[in-house]
Amino acid sequence: MFSRLMPIAAIMLCGCSAAENGGSPAAAKRAAGLDPKAAERAYANCHGASELAGAIDVSWSTQVSRLSEHRAFRESMKVPLPEGNSRILFWSSGAHHTMVSSSVVAVRDASGKWHTSGIGETTSMLAGVEPNRMTLERDLSPDEGRVLDQLLGDPCLYASPTFQRNPNIVAGGAEQTMEIETPKQRWISSWFGRLTPQQAGVINQITR
């Protein structure tokens, strides 16, 4: 599993569907365009809202893109960055006794098929230890693609906080960023050690 290179602490599997949250493409579009205060109010009615009480630095403010990190990391690995009108970019980077970095990009083609491309590296702080690298290249099955599309159509995903931190991680861990791009919108969220069920559902689908 490629996600072994990404230490997602306390990751929560999404047990709800877009339909259960009243999701639709139109609703998702409206949610993605919410201002921070409106998004915060909307997420109060979503699955996972009660768990935010255990997080710190919770914010709905605009986050910084990590596209430049994706490009630089992939160039160093000689692995091209997938391009497309609709894609999901997931960046993870953290250090403790080892440095772990990874770039996963899922692209949806004109026919609706999703392809995921991932590259990751674990580097030891000890001299003489070779880096451990892992790659991922695969097409999602039609069923997997439909699940991903459903997750992306959930308005609660776009109403999720754009940042939250796990207060119990005092050493190690990774800061991670997910960017969802379509021809009409771009939505960026980051977290350190914990994420919403909606965010986790998308990440689990593209990193398995």
Side-chain angles (χ1 to χ4, degrees), residues 6 8-71 83-93 103-108 114 147-167 169 173-207:
M6 296 166 287
I8 305 176
I11 190 167
M12 299 170 288
L13 293 174
C14 181
C16 53
S17 69
E20 291 169 327
N21 281 324
S24 69
K29 183 179 178 181
R30 290 194 297 272
L34 293 177
D35 63 63
K37 289 296 184 182
E40 183 176 357
R41 290 194 297 269
Y43 196 73
N45 298 313
C46 294
H47 173 58
S50 62
E51 296 167 12
L52 295 181
I56 59 174
D57 300 332
V58 181
S59 173
W60 278 263
S61 299
T62 302
Q63 296 297 301
V64 176
S65 171
R66 295 303 184 91
L67 182 58
S68 60
E69 283 91 337
H70 281 279
R71 291 194 186 281
E83 303 289 351
N85 288 330
S86 295
R87 64 181 180 178
I88 305 163
L89 300 101
F90 177 50
W91 173 256
S92 178
S93 180
S103 163
V104 178
V105 182
V107 177
R108 188 177 189 269
W114 284 96
V147 170
L148 181 56
D149 286 335
Q150 187 179 45
L151 291 167
L152 294 174
D154 185 350
C156 283
L157 170 64
Y158 304 99
S160 292
T162 54
F163 187 81
Q164 61 172 311
R165 182 184 298 272
N166 185 340
I169 299 179
E175 184 164 345
Q176 301 170 320
T177 300
M178 175 174 67
E179 304 177 46
I180 298 174
E181 298 179 344
T182 71
K184 295 184 178 180
Q185 70 184 39
R186 186 175 195 180
W187 185 77
I188 305 174
S189 61
S190 298
W191 54 82
F192 188 90
R194 61 183 297 145
L195 62 168
T196 68
Q198 295 79 20
Q199 293 163 335
V202 175
I203 297 304
N204 290 340
Q205 199 69 14
I206 68 173
T207 61

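Computed from heavy atoms alone, side chains included, the values below leave out hydrogens, waters and symmetry copies.
- A donor-acceptor pair shorter than 3.5 Å cannot be found between the side chains of Ser190 and Glu175.
- With Leu89 as the fixed residue, the side-chain contact (heavy atoms from CB on, under 4.5 Å) test singles out one of Ile188, Ile206, Leu67: Leu67.
- Taking both residues in full, the closest heavy atoms of Ile203 and Thr207 are given as O-OG1, 2.8 Å, listed atom of the first, atom of the second, then distance.
- Counting all heavy atoms, side chain and backbone alike, Ala55 lies closest to Pro167 at CA-CD, 4.2 Å.
- Judged purely by atom type and a 3.5 angstrom limit, Thr177 has no side-chain atom pairing as donor or acceptor with the backbone of Trp91.
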Inset, instruction - Apply the test side-chain contact (heavy atoms from CB on, under 4.5 Å) to residues Thr162 and Thr62: give CA-CA distance (whole Å), side-chain angles for both, the deciding distance (0.1 Å), then the verdict. - result: CA-CA 7 Å; Thr162 54; Thr62 302; over 6 Å; no
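- When all heavy atoms of Trp114 and Ala106 are compared, the closest pair comes out as CZ3-O, 3.5 Å.
- With hydrogens and angles left out, the side-chain atoms of Arg66 and Ser93 include no donor and acceptor closer than 3.5 Å.
- Checked options Val104, Leu148, Thr182; the residue passing with Ile88 is Leu148 (criterion: side-chain contact (heavy atoms from CB on, under 4.5 Å)).
- Side-chain N or O atoms of Gln199 include one that pairs as donor or acceptor with a backbone N or O of Pro161 at under 3.5 Å.
- Not a single donor-acceptor pair under 3.5 Å links the side chain of Tyr158 to the backbone N or O of Gly153.
- In terms of heavy atoms, Arg194 sits closest to Arg165 at CD-O, 3.7 Å.
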Inset, instruction - Give the intermediate values and the outcome of side-chain contact (heavy atoms from CB on, under 4.5 Å) for residues Lys37 and Trp60. - result: CA-CA 7 Å; Lys37 289 296 184 182; Trp60 278 263; over 6 Å; no
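- Atoms CG and CD, on Asp35 and Glu40 in that order, are 10.5 Å from each other to the nearest 0.5 Å.
- Looking only at side-chain heavy atoms (C-beta outward), Met178 and Leu157 come within less than 4.5 Å of each other.
- Donor-acceptor pairing under 3.5 Å is lacking for the side chains of Gln164 and Trp191.
- Between atom OG of residue Ser86 and atom CG of residue Asp149 there is a gap of 9.0 Å, rounded to the nearest 0.5 Å.
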Inset, instruction - Run the numbers on Phe192 and Asp57 for side-chain contact (heavy atoms from CB on, under 4.5 Å), then give the verdict. - result: CA-CA 10 Å; Phe192 188 90; Asp57 300 332; over 6 Å; no
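- Contact between Ser92 and Ala174 at its shortest, heavy atoms only, is OG-CB, 3.8 Å.
- Here the shortest heavy-atom pairing between Ser160 and Thr196 reads OG-OG1, 3.2 Å.
- Side-chain atoms of Gln63 come within 3.5 Å of backbone N or O of Ser61 as a donor-acceptor pair.
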Inset, instruction - Would you please test Glu179 and Ser65 for side-chain contact (heavy atoms from CB on, under 4.5 Å) and show each step? - result: CA-CA 7 Å; Glu179 304 177 46; Ser65 171; 2.9 Å; yes
